[in-house]
2 protein chains.
Amino acid sequence: MKSGELSFTEENYLKAIYSLSERSVSFDTSTNEIAERLRTKPPTVSDMLKKLTAKKLIAYEKYKRVQLTKSGRQIAIQIVRKHRLWEVFLHSTLKFSWDEVHEVAEQLEHIHSEELITRLEKFLGYPKFDPHGDPIPSAEGELEDGKRINLSEVENGTNCQVVGVMDSSTPFLQYLEQIDIAIGTRLKVVGKIEFDGSMIIQIKKKPQFTVSKKFSENVMVTA
Amino acid sequence: MKSGELSFTEENYLKAIYSLSERSVSFDTSTNEIAERLRTKPPTVSDMLKKLTAKKLIAYEKYKRVQLTKSGRQIAIQIVRKHRLWEVFLHSTLKFSWDEVHEVAEQLEHIHSEELITRLEKFLGYPKFDPHGDPIPSAEGELEDGKRINLSEVENGTNCQVVGVMDSSTPFLQYLEQIDIAIGTRLKVVGKIEFDGSMIIQIKKKPQFTVSKKFSENVMVTA
DNA sequence: AATTAAAGTTAGGCAAATCTAACTGTTTTG
DNA sequence: CAAAACAGTTAGATTTGCCTAACTTTAATT
Ligand SMILES: [Mn+2]
Ligand SMILES: [Mn+2]
Ligand SMILES: [Mn+2]
Ligand SMILES: [Mn+2]
């Protein structure tokens, strides 16, 4: 790759560190978490953390947790932006189904061309969300933060709309499809079971059904 | 990359060997030619030739010239197919100008997904030529031999490539040379004059110029 | 507080892709 | 045909990304 450009691998590390950090209170993550996420081994991660530190993309000290620097975070967000725009393209333009887009976007997100993304975004009509309901960062790295909450936090008797998932694995997405839940689906929480946190929900006028706590924790909704 | 998949680099070598071989009578090429094409050094090429031989993608013996095997050729053609389809996408869909598309296509051609190309091709309406007028191989690797037609039959706005002449007289050939047209020259028909069948054509970014009907009837092109 | 468990790093090695310098094989040509 | 010129390969080094095994540091638990 051209000088100044990051390798596929470096980009994947930044993206992993970004998404793992975002879900922690202190906006940081650890060697082992990164290793698990990238299906690699801790020593490999250790090596890369040194390299990313040298490039000033992360703030990191031996044995301590890792945080993205401002510039590392900007780059990570741009990769997320590319990933999600490509997912929209694959779904809306090329008619891939939901659960097929991620793998290919994982490759496309590493194409280096500002102009390409600018034009792609325009062609797609400046979408704000990807096919899984996740927000698409702007060219400036701004992330619209909708008031998305976990389905598991929704009160009894409340209506809400599905806007995203925490888990993008094929089994989960297939289960969602099976029970007819997709991005945009409106549903009502009609009951909760204290014992195990299961939730009874209803879509439109269809029969009610029960989902596990694990399920409701992996679905994001807006109230 | 997944096992069985070729690396970026291997794919670029196959593509280079393919296009260099195609232009030779014996359908082969040499270490130095490849090195020059890929802006690398001969020892680097030597190494890769060994590797590609082991994978049975080329037929090669030390100090001899290189030829693609059947399977190597098929792979090379698929990369060319991807490259050209992406160029159409960049030009027709994203409105890149035709001289901007190549560099980005050079990256996109290495995305691994059959399904992606199948759907992209469908979305683009099964184009037969890329923005430079080069033919797009079919999914089966068939390369339209570009049926030779008379330049005078070419539609407005179409790119074509000069492949022969009807008249081989010295005056005609001298005229061709004078206006910088030779076998292989790519040109675009930018207008036609009803009155006398004259044709306005353009080569690359040079100024347009007009040729007579008698001229265009004596030039053979592939669409 | 001392011990154990876990998290994380070094050490050392390997494969891919690249380079320069030095060598060998092939071709051209006086 | 012998010498020079050219083409091509081998040797040895470097960088990146990855691994296992062994070690060190930090955290948790008794
Ligand atoms: Mn995704
Ligand atoms: Mn990726
Ligand atoms: Mn091209
Ligand atoms: Mn390429």
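Since we're looking at a predicted model, the values are computed, not measured. Chain A is the first sequence line, chain B the second, and so forth, proteins listed ahead of strands; every chain is numbered from 1. Just the heavy atoms: all of them, side chains too, but no hydrogens, waters or symmetry mates, feed the values below.
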Comparing T29(B) and P42(A) on DNA chain D - which has the more 5′ nearest nucleotide: T29(B)

So, is N32(A) close to the dG8(C) phosphate, meaning a side-chain N or O under 4.0 Å from OP1 or OP2? yes

d(CG, N12(A); C1', dC18(D)) in whole Å: 14 Å

Tell me the interatomic distance from K64(B), atom NZ, to dG25(C), atom C1', rounded to whole angstroms. 11 Å

Quick check on E36(A): does its CD atom have over 12 non-hydrogen neighbours (other residues, nucleotides or ligands) under 6.0 Å away? no

Using a cut-off of less than 4.0 Å, is there contact between a side-chain N or O of K41(B) and OP1 or OP2 of dA21(C)? no

Sugar-phosphate only, base, or nothing, as touched by Y13(A) at under 4.0 Å among non-hydrogen atoms: sugar-phosphate

Once the angle between the rings of F215(A) and F172(A) is folded into 0 to 90°, is it parallel (under 30°), tilted (30 to 60°) or perpendicular (over 60°)? tilted

Would you say dT26(C) has OP1 or OP2 under 4.0 Å from some side-chain N or O of K62(B)? no

Whole Å only: how far is the OH atom of Y63(A) from the P atom of dT24(D)? 9 Å

Calculate the interatomic distance between E10(B) atom CD and dA16(C) atom C1'; express it in whole Å. 9 Å

Please report the distance, rounded to the nearest Å, between CZ in R39(B) and C1' in dT18(C). 16 Å

In whole angstrom, give the distance that lies between atom CD of E36(A) and atom P of dG8(C). 12 Å

Of the listed nucleotides (dG25(C), dA21(D), dT20(C)), which one gets closest to any side-chain atom of P43(B)? dT20(C)

As an exercise, state the distance from CD1 of I17(A) to CD1 of I34(A), rounded to the nearest 0.5 Å. 4.0 Å

Measuring to OP1 and OP2 of dC18(D), would you say a side-chain N or O of T40(A) lies under 4.0 angstrom away? no

Taking H91(B) for its side chain and S97(B) for its backbone only, find out whether a donor-acceptor pair lies under 3.5 Å. no

How many Å lie between CE on M48(A) and P on dT16(D), as a whole number? 9 Å

OP1, OP2 of dC19(D) versus side-chain N and O of T44(A): anything below 4.0 Å? yes

Base, sugar-phosphate, or nothing for T31(B), non-hydrogen atoms under 4.0 angstrom? sugar-phosphate

Any idea how F89(A) and W86(B) line up, ring-wise: parallel (<30°), tilted (30 to 60°), or perpendicular (>60°)? tilted

Base, sugar-phosphate, or nothing for K50(A), non-hydrogen atoms under 4.0 angstrom? sugar-phosphate

Whole angstrom value for the distance that separates P of dT18(C) from CD1 of I34(B): 13 Å

